[in-house]
S.K.: 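The structure follows.
We name chains A, B, ... by the order of the sequence lines, and we start the count at 1 in each one. Predicted model only: the values in this text are computed from it and were never measured.
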2 protein chains.
Amino acid sequence: MSGWPITFQDVLAARRRIRPYLPSTPLRRYAALEAAVGGGIQIAVKHENHNPTNAFKARNGVSVLTALGADEMRRGVVTATRGNHGAGVAWAASRFGVAATVCLPRGNNPEKNEAMRGFGATLVEEGRDYDESLAVATRLVAERGLRMIHPSNDPLIVAGAATFTLEILEELTSLDAMVIAVGGGSQAVGAMTVLRALKPEVEVFGVQAAGARAIYESWKARTPVAGLGAETFADGLATRGVYEGTFDALCEGLEDFVTVTEGEIAEAVRILLSTTHNLVEGAGAAGLAGLIKLRDRLKGKTVAIVLSGGNIDAATLKRVVNREI
Amino acid sequence: MSGWPITFQDVLAARRRIRPYLPSTPLRRYAALEAAVGGGIQIAVKHENHNPTNAFKARNGVSVLTALGADEMRRGVVTATRGNHGAGVAWAASRFGVAATVCLPRGNNPEKNEAMRGFGATLVEEGRDYDESLAVATRLVAERGLRMIHPSNDPLIVAGAATFTLEILEELTSLDAMVIAVGGGSQAVGAMTVLRALKPEVEVFGVQAAGARAIYESWKARTPVAGLGAETFADGLATRGVYEGTFDALCEGLEDFVTVTEGEIAEAVRILLSTTHNLVEGAGAAGLAGLIKLRDRLKGKTVAIVLSGGNIDAATLKRVVNREI
């Protein structure tokens with residue numbers, strides 16, 4: 001298992017740490033959604049949007065915070081984020097009385113910023129994009145001795161993200177495939193870690209926004225491809241490259257990888273609104289968009305998708321609802 | 001307690017029946033929401049929109065279905081609804097292998113209809129409005145011996161709705177008031193039943209849409225007032241009169257009662273979207289709209305509101321987001 005960042009034992013340990021703070025999220029089916037998608041596909045919808053912070057990242061925050069030593073807790077944690085990861089860290093840190101500093105680019109989504117402030121985080125708005133914020137966070141680690149919590153490269157993060165797949169398998173007796181959005185890859189690598197241990201025949205498909213295709217092109221080339229943009233309204237997927245902690249595992253484990261357009265992601269948000277009456281952000285709808293793209297291949301199968309987050313801001317929602325995306 | 005439809009013991013019994021099927025829903029605070037409302041009000045948000053069927057009515061359905069005799073289960077159940085009540089009954093009935101017939105007016109919200117069909121209910125679309133559907137359901141009781149499940153007049157329904165207030169009190173150490181939407185009154189009467197037993201100092205305020213003001217005018221007059229319309233986009237509140245099962249208790253227990261305009265309800269939906277990133281239907285936002293109306297009176301207090309349901313249809317959501325309501 002070269003390059004596999006975590007083991008199944010790490011997932012079980014993360015689940016033991018997380019469980020007192022986060023109950024299982026619901027796994028539901030919607031006849032209207034299955035009718036809209038067609039192909040006789042049974043769709044199990046994992047409601048990570050029901051977590052506190054409205055995203056699976058709450059798991060990741062708790063997974064790391066519960067594993068810190070006393071000294072790290074005293075010094076505080078720092079991270080870089082566009083939103084959900086920072087909210088997950090901030091929420092978890094506040095639960096354990098740990099100071100959280102969150103670095104984000106200038107002009108970041110104000111609704112996501114306000115949520116992080118609401119969880120008590122200190123925000124550092126500096127840099128033009130996520131990568132520059134990460135550099136700021138790295139600087140603060142050096143200057144202040146803070147504990148960095150990287151959104152994808154930390155094994156504790158991947159183990160946290162893996163716990164929702166464990167919950168899915170506990171509930172579903174039959175499962176053929178999962179279609180999972182890949183920004184940094186923690187959800188997909190977490191899922192594959194669990195599936196390899198418990199149900200290796202389940203196929204995992206990755207989905208990324210076509211406008212943020214670096215990780216997709218890298219996966220196809222089996223080597224990191226640089227110099228591509230990250231333009232998508234699904235800000236949770238706006239990554240410009242691969243992460244060393246997850247890339248090898250993605251190459252080894254994903255059955256296939258597809259990209260979806262902005263319009264396809266927006267349509268998936270609209271379908272989820274009208275058939276499940278759940279609010280999802282772009283990244284949270286990407287799994288459905290990918291499933292629709294893979295419809296012929298998944299015909300008649302039981303497929304799980306993850307509503308990974310619901311934090312779409314009002315301005316973006318308006319554009320989606322009005323079919324301007 | 002003349003006219004009080006249920007006792008606290010009934011609520012405890014309902015909770016025992018419901019608990020195996022419905023975990024507690026989250027109770028959360030949102031700094032951004034409290035900042036938007038102002039007045040130093042601490043707002044505890046009960047997420048009934050997280051229930052299966054996206055509404056508290058799932059509790060009501062389970063409360064009744066788990067209390068039926070074998071003969072009633074064999075004959076099947078019938079109800080009349082505009083949506084959430086029928087979905088709650090249909091969902092619960094499907095869990096227990098009971099046939100559910102749901103009567104609704106012609107031209108009812110297609111998204112709500114499809115959800116009920118998805119839960120396996122047989123739909124009978126007949127009549128011009130809810131009252132006429134209720135007459136159809138009553139006819140089917142006579143013709144087919146079905147067990148009627150009235151949305152408000154059944155003590156098992158009120159006891160089911162009461163269980164979310166029990167959960168709120170288990171979690172909150174301090175609570176000054178609740179602001180609750182009153183369509184038929186099951187939520188408010190359920191809440192007051194629990195509060196009278198456990199925390200009688202908590203004030204309960206009722207809210208109804210100004211366009212469906214019959215129950216409000218009746219409450220003020222302390223006698224049923226007829227002949228008023230039920231025009232509101234909050235279809236869960238579109239009632240034309242009072243229900244004998246809840247009216248006396250509302251008169252006895254509500255601290256005060258306010259009405260809110262369509263614009264105020266829509267604004268509350270928008271505030272909840274942008275500050276909590278939860279999708280709510282009009283009835284689910286009415287509590288917040290009422291809280292905002294009562295802001296001066298509730299200054300500095302801890303107040304619970306209930307996101308009672310999330311089943312807003314796509315067309316209505318679009319109008320809300322575009323400020324056409």
S.K.: Please classify the contact between B:Thr276 and chain A as side chain, backbone, both or neither, with a heavy-atom cut-off of under 4.5 Å.
M.R.: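 It is the backbone, since no side chain atom gets that close.
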S.K.: Which value, rounded to the nearest 0.5 Å, describes the distance between B:Lys318 atom NZ and A:Arg323 atom CZ?
M.R.: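 Output value for this atom pair is 7.0 Å.
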S.K.: May I ask you to name which of B:Asn322, B:Ile312, B:Asn49 has the most heavy-atom pairs under 4.5 Å with chain A?
M.R.: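 Looking at each option in turn, the highest pair count goes to B:Asn322.
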S.K.: Hey, does B:Asn278 have a side-chain heavy atom less than 4.5 Å from the side chain of A:Leu279?
M.R.: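 A side-chain contact is absent here, since even the closest heavy-atom pair is not under 4.5 Å.
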S.K.: Which bit of A:Ala315 is near chain B, if near means a heavy-atom gap under 4.5 Å: side chain, backbone, both or neither?
M.R.: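 Contact with chain B: none, neither part.
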S.K.: Atom CZ in A:Arg28, atom CH2 in B:Trp91: separation rounded to 0.5 Å?
M.R.: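 A:Arg28 atom CZ to B:Trp91 atom CH2 measures 8.0 Å (nearest 0.5 Å).
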S.K.: Which atoms of B:Asn311 come close to chain A, meaning under 4.5 Å heavy atom to heavy atom: side chain ones, backbone ones, both, or neither?
M.R.: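 Contact with chain A: backbone and side chain both.
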S.K.: Heavy atoms only, distances under 4.5 angstrom: which of B:Ser274, B:Gly118, B:Ala31 has the most pairs with chain A? Name it, please.
M.R.: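 Greatest number of close heavy-atom pairs with chain A: B:Ser274.
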S.K.: So which residue, B:Pro52, B:Ala314, B:Pro26, B:Gly310, ends up with the most heavy-atom pairs under 4.5 Å with chain A?
M.R.: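 The residue among B:Pro52, B:Ala314, B:Pro26, B:Gly310 with the greatest pair count is B:Pro52.
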S.K.: Given a strict heavy-atom distance threshold of 4.5 Å, which part of B:Asn51 is in contact with chain A: side chain, backbone, both, or neither?
M.R.: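 Backbone of B:Asn51 only, per the 4.5 Å heavy-atom cut-off to chain A.
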S.K.: With side chains defined as the heavy atoms from C-beta onward, is the minimum distance between A:His50 and B:His47 less than 4.5 Å?
M.R.: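 Heavy-atom side-chain distance check fails, nothing below 4.5 Å.
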S.K.: Would you check if B:His277 and A:Glu111 make a side-chain contact, meaning some heavy-atom pair closer than 4.5 Å?
M.R.: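 A side-chain contact under 4.5 Å exists here.
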S.K.: Can you tell which part of B:Ala32 gets under 4.5 Å to a heavy atom of chain A, answering side chain, backbone, both or neither?
M.R.: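 Backbone plus side chain of B:Ala32, per the 4.5 Å heavy-atom cut-off to chain A.
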